[in-house]
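Data first, discussion second: the structure below is written as structure tokens.
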There are 2 protein chains.
Amino acid sequence: MGNREQTFQKILEVAYVMFAEKGFEKTSLAMIAAEVGISKPAIYYYFQSKDQLISFLFEELYKEIQYDIVVDYKELSPSNFIEKLLKIGYKSIDEQDKDPYFNKIFSQYLLLAARDDHYMQQLLELQSDYLARFYDIFQYAVQLEVLDENANIEAKAHMLAMLYDNIGNFMLTGSQLNYKAIWREAVHSVIQGGKDE
Amino acid sequence: MGNREQTFQKILEVAYVMFAEKGFEKTSLAMIAAEVGISKPAIYYYFQSKDQLISFLFEELYKEIQYDIVVDYKELSPSNFIEKLLKIGYKSIDEQDKDPYFNKIFSQYLLLAARDDHYMQQLLELQSDYLARFYDIFQYAVQLEVLDENANIEAKAHMLAMLYDNIGNFMLTGSQLNYKAIWREAVHSVIQGGKDE
DNA sequence: GTCTATAGTAGGATAGAC
DNA sequence: GTCTATCCTACTATAGAC
């Protein structure tokens with residue numbers, strides 16, 4: 001890795017942390033530069049503007065998220081279906097403990113999206129991709145006869161997706177809830193309810 | 001209402017809308033003053049600083065939220081329990097359609113809270129109050145024998161509370177989901193799951 | 001109670017040297 | 001590739017007149 005690439009990555013890393021901790025607006029380029037160990041104008045060699053730096057960071061996160069929920073359908077069976085569904089939630093809970101910055105940054109992009117169509121469009125893509133993954137899993141559950149085909153598959157899938165999403169937000173506030181128990185309850189409720197209807 | 005009170009309220013109303021639309025940082029006191037029809041320094045007659053205006057607005061919202069979920073336990077019976085629980089969600093969904101500003105503002109205070117203990121403390125109070133209300137309702141459900149006492153009451157209550165909360169966030173992004181169907185599914189899943197265990 | 005005028009500060013961004 | 005120096009703009013906040 002050359003000097004150029006090194007500084008570039010360092011700026012991104014520092015910006016990621018500072019944006020998460022202080023927010024986009026309250027983080028000035030001067031502060032980032034100081035932390036990186038370069039001067040403010042040097043940042044302009046790598047990024048056209050502060051907005052472009054923020055936007056570039058989003059693109060990087062965007063790529064990461066898309067590989068977040070991965071399910072290997074070949075592994076799914078009627079007997080291990082619930083277990084696999086539980087693991088999806090557990091994994092997310094464990095990861096959010098590890099990187100406390102991610103959600104702080106991400107919720108800021110959500111706010112930006114309310115005023116910027118470019119971000120909004122990409123976030124909506126993420127969101128619908130996200131909802132679709134849960135929906136796919138539930139459709140497969142019908143095939144496996146874990147769920148009745150008359151059960152309200154879509155509502156069940158969206159419910160779990162929305163809960164999954166909000167666990168991250170709650171962890172952000174530092175609430176010490178038993179998230180795994182909540183997720184377990186949700187998964188069991190949804191699956192059992194679908195067998196009885 | 002005197003002139004003084006009138007201008008004071010007008011500043012708050014204008015600030016509420018502009019903060020929601022553009023965000024705290026991108027809304028200057030000059031913009032608020034222009035919209036109100038006074039000059040910028042005039043705002044300092046009513047508020048010590050911009051931060052104090054933001055903080056005051058939060059206090060007002062804080063009071064509103066606390067009266068959000070109201071349940072009259074005398075009205076609850078085994079036969080109408082699910083119906084009443086459904087109404088709590090429906091009401092929130094309908095109200096968020098009406099005031100699109102509330103969530104946009106509120107999510108900004110959430111971000112502030114991550115860096116300001118004062119906000120964090122109050123938000124945590126709101127959140128635990130909120131979780132407790134759902135928990136109380138579910139404990140009452142056990143009394144009514146709508147739910148088995150061995151059912152995981154706490155997890156069920158927290159699950160519904162978190163879903164309830166995130167419906168607002170999703171509506172903020174403009175996602176056109178069938179929120180009432182999702183809420184209905186959640187309520188039914190949770191109650192039915194609890195009877196069978 | 002609201003104004004005009006202005007101080008003081010800090011931000012993003014650019015020009016040009018090395 | 002990184003620097004110094006500097007510009008422009010916009011903001012919060014204050015002083016003091018009316």
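Naming: A, B, ... by sequence-line order, numbering from 1 per chain.
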(message) Between Ser39(B) and dT2(C), is there a contact of a side-chain N or O with OP1 or OP2 at under 4.0 Å?
(response) no
(request) Round to the nearest Å and state the distance from Phe24(B) atom CZ to dT12(D) atom P. (result) 13 Å
(request) Report the distance from atom CD1 of Ile38(B) to atom P of dT4(C), rounded to the nearest whole Å. (result) 12 Å
(request) Nearest whole angstrom, please: distance from the C1' of dT2(D) to the CZ of Phe8(A). (result) 17 Å
(request) Return yes if some donor-acceptor pair links the side-chain N/O of Gln108(B) with the main-chain N/O of Lys104(B) below 3.5 Å, else return no. (result) yes
(request) Take atom CD1 of Ile11(A) and atom P of dG12(C), then tell me their distance rounded to the nearest Å. (result) 14 Å
(request) Pull out every residue in residues 40-57 of chain A that has a heavy atom closer than 4.0 Å to any atom of DNA chain D, ordered by number, or say none. (result) Pro41(A), Ala42(A), Tyr45(A), Tyr46(A)
(request) Write down the atom of Ala161(A), the atom of Tyr130(A), and the distance for their closest heavy-atom approach. (result) O-CE2, 3.9 Å
(request) Evaluate the salt bridge (charged side-chain N to carboxylate O under 4.0 Å, His left out) criterion for residues Arg115(B) and Glu21(A): first the C-alpha distance (whole Å), next the side-chain angles of each, then the deciding distance (0.1 Å), finally the verdict. (result) CA-CA 7 Å; Arg115(B) 285 156 226 127; Glu21(A) 284 177 343; over 6 Å; no
(message) What is the distance, to the nearest angstrom, from the CG atom on Leu29(B) to the P atom on dT4(C)?
(response) 16 Å
(message) Please confirm whether the shortest side-chain N or O distance from Thr7(B) to OP1 or OP2 of dT2(C) is below 4.0 Å.
(response) yes
(message) Tell me the closest heavy-atom pair linking Met171(A) and Ile93(A), and the distance in Å.
(response) CE-O, 3.5 Å
(message) Quick check for you: to the nearest 0.5 Å, what is the distance between Asn169(A) atom CG and Leu110(A) atom CG?
(response) 8.0 Å
(request) Kindly write out the residues that satisfy ring-ring contact (aromatic ring centres under 6.0 Å, His included) with Phe102(B), not counting sequence neighbours, or none if the list is empty. (result) Phe106(B)
(message) Quick check with a 6.0 Å cut-off and a 45 degree axis cone: is Lys156(A) positioned over the face of Phe138(A)'s six-membered ring?
(response) no
(message) Please report the distance, rounded to the nearest Å, between NZ in Lys22(B) and P in dA10(D).
(response) 13 Å
(message) Can you measure Lys10(B) atom NZ to dG1(C) atom P for me and round it to whole angstrom units?
(response) 17 Å
(message) Nearest whole Å is fine: how far is dG11(C) P from Lys26(B) NZ?
(response) 14 Å
(request) Specify the residue among Ala30(A) and Gly37(B) whose closest nucleotide of DNA chain C lies further upstream toward the 5′ end. (result) Gly37(B)
